[in-house]
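To start, the structure itself, in structure tokens.
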Amino acid sequence: MDIVVLIGLDAFSYVLTLLLVTLGLVIIYGMMNVINMAHGELFMLGAYTVATLLASGVPFWICLLAAPIVVGLAGLLVEEFVIRHVYGRPIDTILATWGLSIAIKQMIIIVFGPAAVSIANPVPGSVNLMGVDYPAYRLVIMALAAALALATYLVIYRSTTGLQIRAVISNRAMAGSLGVNTRRMDRATFAVGSALAGVAGAIMSPMISVDPQMGVGFLIPAFLSVLVGGLNSLIGAVIGAGTIGGTTSILSANMAQADAQIIVFLLAIMIIRFVPQGLWKGFR
Amino acid sequence: MILQIDQLSAGYIKGSQVLDGLDLSVAKGEFIALLGRNGMGKTTLMRAIVGQLKPSAGKIRFAGNDITGAAPYKAARAGIGYVPQGREIFADFTVEENLRMGLLGKPGLGALVPDWPYEIFPILKERRHQRAGTMSGGQQQQLAIMRALLGQPELLILDEPSEGIQPSIVHDIGIALRDYAKEHGLTILLVEQNLDLVSLLGHHALFMENGSIVERVDDMDRLQNDAALIARYLSV
Amino acid sequence: MLLRLPILLSLAFGLLLLLAPLALDDWRLSQLAQLLTYGIFALSLSFIWGQVGILCFGQAIFFGTGAYVMALVTLGKLPWLGESQILGLLLATLAAGGVAFILGLFLFGGRGITGAHLAVVTLCAAVVIEIATGRWGFVGGYNGLRGVPPLTTPWPRDDIYLSGLETYFLIFAVLAAVYFLLLWLTRTPFGTLLAAIRSNEERTRFLGFDVTMAKLFAFFLSGMVAGLAGGLFAAQFGFVSPQLIGFALSTEVLIWVAVGGRGVLLAAVAGALLVRWGEDQLSDQIGQYWLLATGLLFIVIVVIAPRGLFGRILDLSPHRKS
Amino acid sequence: MTVSSALLEVEDITKRFGGIVALDGLNLTLKPGELRCILGPNGCGKTTLFNVLTGAFKPTSGRVRFRGEVISGKGPVAISRRGISRKFQVPGIFPDLTAQQNIALPMAAASRKPTVRTLVRRAPDPARLAELLDFAGLSDKADMLASDLAHGEKQRLEVAMLLAVDADLLLLDEPTAGMSKGETASIAALIRKLTSDFGKTVLVIEHDMQFVRALDCPITVMARGAVIAGGTYDEVRSNPQVIECYLGRAA
């Protein structure tokens, strides 16, 4: 019983953080048709922002607030200097953002060195939950991730900004002719998508190895989530992150991590190959 | 002149111009109907005015400002409302969300839909929370027009609003629009093939052929009576 | 007209490689020979991506398959096959082609997948195969296989091992042969068909061609070329490891080809030589800046110069501009 | 089955999309070697008709016969193999290929069973290639990339590609869309040659009246999914029913 609760909690926390990264990818794709392979590096930038600020004495929770701002600004620069030039060329967005991911990774290596940076757990100790002792910070992660995912959902479906974002996604030219500044929306969307990745990296940073290679470790599962769930749909992102994150966690509890990864990736490849429109649209 | 177009050229494919040195001027409060057979460049002209197509040469001035090649949102904020061919409502949005989109893009209009559009077309109120895509063509057209009017434009551009809509509804829409326009001093530029609507919403008619304006008719009775005119520009 | 600039430059490039041994010591020559092997690998990607328009993010799967098969055969791990190098290279080529064929059936069969889906699926396939290779004891797990014998002569002589110079010319000859084979293929009507698929797959299908079959054949061929390069690499380098079959090398070759010029076969080779040369020559610290620079260069090329650094000057295709 | 001299027979074709009737019991017959133009206002069902003829849509009811064989219900590839080929509004050329390659490709497709082996071995007949390039007026631009050709040249190239596939019935959907006046005249002459010099049967959808006049061929006028009139250019022009449907006066 305990083990089931434990695995369930682990799976849930992994799914929620994966969802944060995935949401950013989905919004950027839906809005701009940009397949952002540098998303993992934005996630990494969030973690490094925490590491840097923490080292100079800033309290953890302030760092957590700073991370999305820093990464959001980085996203704004990226949009202006790279992304903007490849709109309408989806394959080139893959390549350009791939180059970007390499460049960001190398910059981190040059500045911080190739070794991992460790970040102290800000909420040590554990909480007894349904009969198991569970690390308290993991619960914080879950709460934050769930709150952010919910907030993203509310912004998209309930706010006036969200209405405009959805209008641009559904008919860019008409939204423009109704006075929506589509150029500014693109900038804002990329910045917000980046900030979501950044805050996910910041939240996760005390729990994982913060090193220059960490981006890819999150990019691939996030990408698989997007494609498995279906591009262009927030619900699809939830389904995708649930499928990938849930299966990974549950399998990892029962076998070597590497074997679990192989199985999950193969499963995802099969789904992408045979249901290319994603599970959400594929079975509706 | 509220709208002044000089020597405008535009097209979709490099090296081939649909519009070729077109001149057009529209005075404030005028109702202008633009007529001509298919493929003569009417829609291209509308899209160039609202900024959805970048002209390759020429100037477009609106209310004294140069808006040539400006982004669509700039044309919209300058005061040009657009009801495109095929309506282009947001099918997945509710009726009310569609109307809100008419307000949101422009600063200072707030975010709440006032009552008057619902008074003009009560069906929109009734269907307020329905998905817009489920409505009939005529209702969608009413929605598209109200969405444009909510942005409080000075110039309203309508591209074939009667297309695919039954004649009685076309007539109702025409009367509602005419009354609103007269009351608010709205300028109308209408592309239309339906002469019934043209006679309702046109004070002057311009005929377009091969990318330029070839004739202006100020006496609208001629449209009904002058068979030679019709034959020259409209009939097959 | 016969000796246009791109032809002269291509000849000069070949001549430069041919005369390189005069200026290089043995160690540098063996380095250059390895770079030429990477050049063959780059040709395989340039063919499938630049000519057919299939953006494969897992090209190292085929290179690695070739390398592992070569290592297994020449190390005698497959005893019933003997330890012949020639057989090793042959099997490396065929095995990689076979893997490409199976992967191609999966990717292109039926309705098939294209674009982003194809890129992500091939990328994931590379990750999966890299992890699986690392966990497979028979092929040495994470440590890989060491002591792969260097290239030898197939006929007996005093020292059967090829000298540095001989190795270099052997690799050069293979590179040249593969290059001319692929170049010839692009000039045949089949090459036109491949270019048409790249240009507009749907319409090509509509003309009545079996597009799936054509793509599959091109993928198979590309896999074989990559496998051959992998086999040669294993013998030159002396050991194979999961990195050769994985995700990192797959994306690296993508960058070489893009930087050189994806649309022109020889430009891809030049790109591979340039980028790898920089990486090898510079010390670790400077090397990081080099990688940063190639990342940025890659972005610039994708955004504003899709023909790459050498795509224009080495373009041998017969078409002309207005 | 009665022996008929017609190449194409469209019999009572109806096509509904949900509640909308795009084609309403349409009939049309084409003899071999005939050039015919279809006119009609927007949304009268012209493009739907082409989609039914090429197999992109299946008709709700009715039949299409080609050389006496019923082809309605067959797929696009099966129909194109039988010898019906379509030119779209947007040029369907391959921009990355040269003009010559653009023509060689459909020629190779027309040869029986284009496999990898036959394609590698056999180059297309150079005499025919030259003839088609000459037909399109592109002999001196054979090695230029199609993307570098002028718009009118692209249109001519595509007509030549249609000839190269060796189809008997060619469907042209607004061949002059987006063209200038001068280009329009040259494409009309080219289309006339398709029937007069090459014996093809050609069905054209068009709006541009000057172009229709230059084609100088029998005209069929459609409205609301059915044929409402037919005849020569002058006859059709003076037909009151045609005038009315074009002006959209509500009945």
Side-chain angles (χ1 to χ4, degrees), chain A residues 26-27 29-33 79-80 83-85 87-89 153-192 229-238 277-278 280-281 284, chain B residues 46-54 70-94 96-113 131-133 143-144 146-153 155-159:
Chain A
V26 168
I27 297 172
Y29 178 83
M31 184 88 162
M32 299 180 267
N33 248 311
E79 202 274 348
E80 185 63 29
I83 308 294
R84 169 165 85 88
H85 304 285
Y87 285 142
R89 293 148 61 188
Y153 185 86
L154 288 176
V155 165
I156 299 285
Y157 286 102
R158 293 283 180 272
S159 76
T160 52
T161 312
L163 192 63
Q164 295 186 61
I165 290 176
R166 285 187 290 136
V168 174
I169 290 174
S170 131
N171 187 339
R172 175 172 286 263
M174 195 60 224
S177 281
L178 290 169
V180 176
N181 185 342
T182 47
R183 182 74 200 89
R184 206 168 71 191
M185 291 303 251
D186 286 340
R187 274 197 209 111
T189 312
F190 200 83
V192 169
L231 289 158
N232 217 345
S233 146
L234 291 192
I235 308 287
V238 175
Q277 67 275 49
W280 173 236
K281 290 221 176 71
R284 207 165 47 150
Chain B
M46 300 301 112
R47 295 193 55 208
I49 297 173
V50 301
Q52 289 189 359
L53 179 72
K54 274 213 187 343
Y73 81 92
K74 285 190 176 148
R77 289 183 185 181
I80 300 178
Y82 184 39
V83 180
Q85 194 171 20
R87 305 178 282 271
E88 314 229 353
I89 54 152
F90 301 105
D92 282 339
F93 287 18
T94 64
E96 184 165 272
E97 282 175 329
N98 267 282
L99 290 173
R100 287 177 71 196
M101 282 308 300
L103 297 168
L104 289 177
K106 319 251 177 85
L109 292 181
L112 288 179
V113 181
R131 278 183 54 235
L143 176 61
M146 281 305 146
R147 185 178 65 177
L149 288 182
L150 274 168
Q152 299 183 359
L155 168 68
L156 184 66
I157 291 178
L158 300 122
D159 196 349

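This is a predicted model, so every value here is computed, not measured. Chain naming here is simple, since letters A, B, ... match the order of the sequence lines and numbering starts at 1 in each.
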### Message
I'd like to know if the side chain of B:Gln52 reaches the main chain of A:Ala173, judged simply by a donor and an acceptor atom lying under 3.5 Å from each other, with no hydrogens or angles considered.
### Response
yes
### Query
Who wins among B:Lys106, B:Glu97, B:Arg100 for the most heavy-atom pairs under 4.5 Å with chain A?
B:Glu97
Which heavy-atom pair separates [X] from [Y] by the least distance, and what is that distance?
X        : Y        : result
A:Met174 : B:Arg147 : CE-NH2, 3.3 Å
A:Ser170 : B:Phe90  : OG-CD2, 3.2 Å
B:Ala76  : A:Gly179 : CB-N, 3.4 Å
B:Pro72  : A:Ser177 : CB-N, 3.8 Å

#### Entry: B:Lys74 side chain reached by A:Asn181 side chain, heavy atoms, under 4.5 Å
no
### Message
With a sphere of 6.0 Å drawn around CZ of A:Arg183, does it hold more than 12 non-hydrogen atoms of other residues, nucleotides or ligands?
### Response
yes
### Task
Answer with side chain, backbone, both or neither: which region of B:Ala75 has an atom nearer than 4.5 Å to a non-hydrogen atom of chain A?
neither
### Lys NZ or Arg CZ of A:Arg166 over B:Phe93 ring: under 6.0 Å, within 45°
yes
### Message
To the nearest 0.5 Å, what is the distance between OG1 on B:Thr94 and CG on A:Leu163?
### Response
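B:Thr94 OG1 to A:Leu163 CG: 8.0 Å, rounded to 0.5 Å.
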### Query
If you count heavy-atom pairs under 4.5 Å between each of A:Thr160, A:Leu178, A:Asn171 and chain B, which one has the most?
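The candidate making the most pairs under 4.5 Å is A:Leu178.
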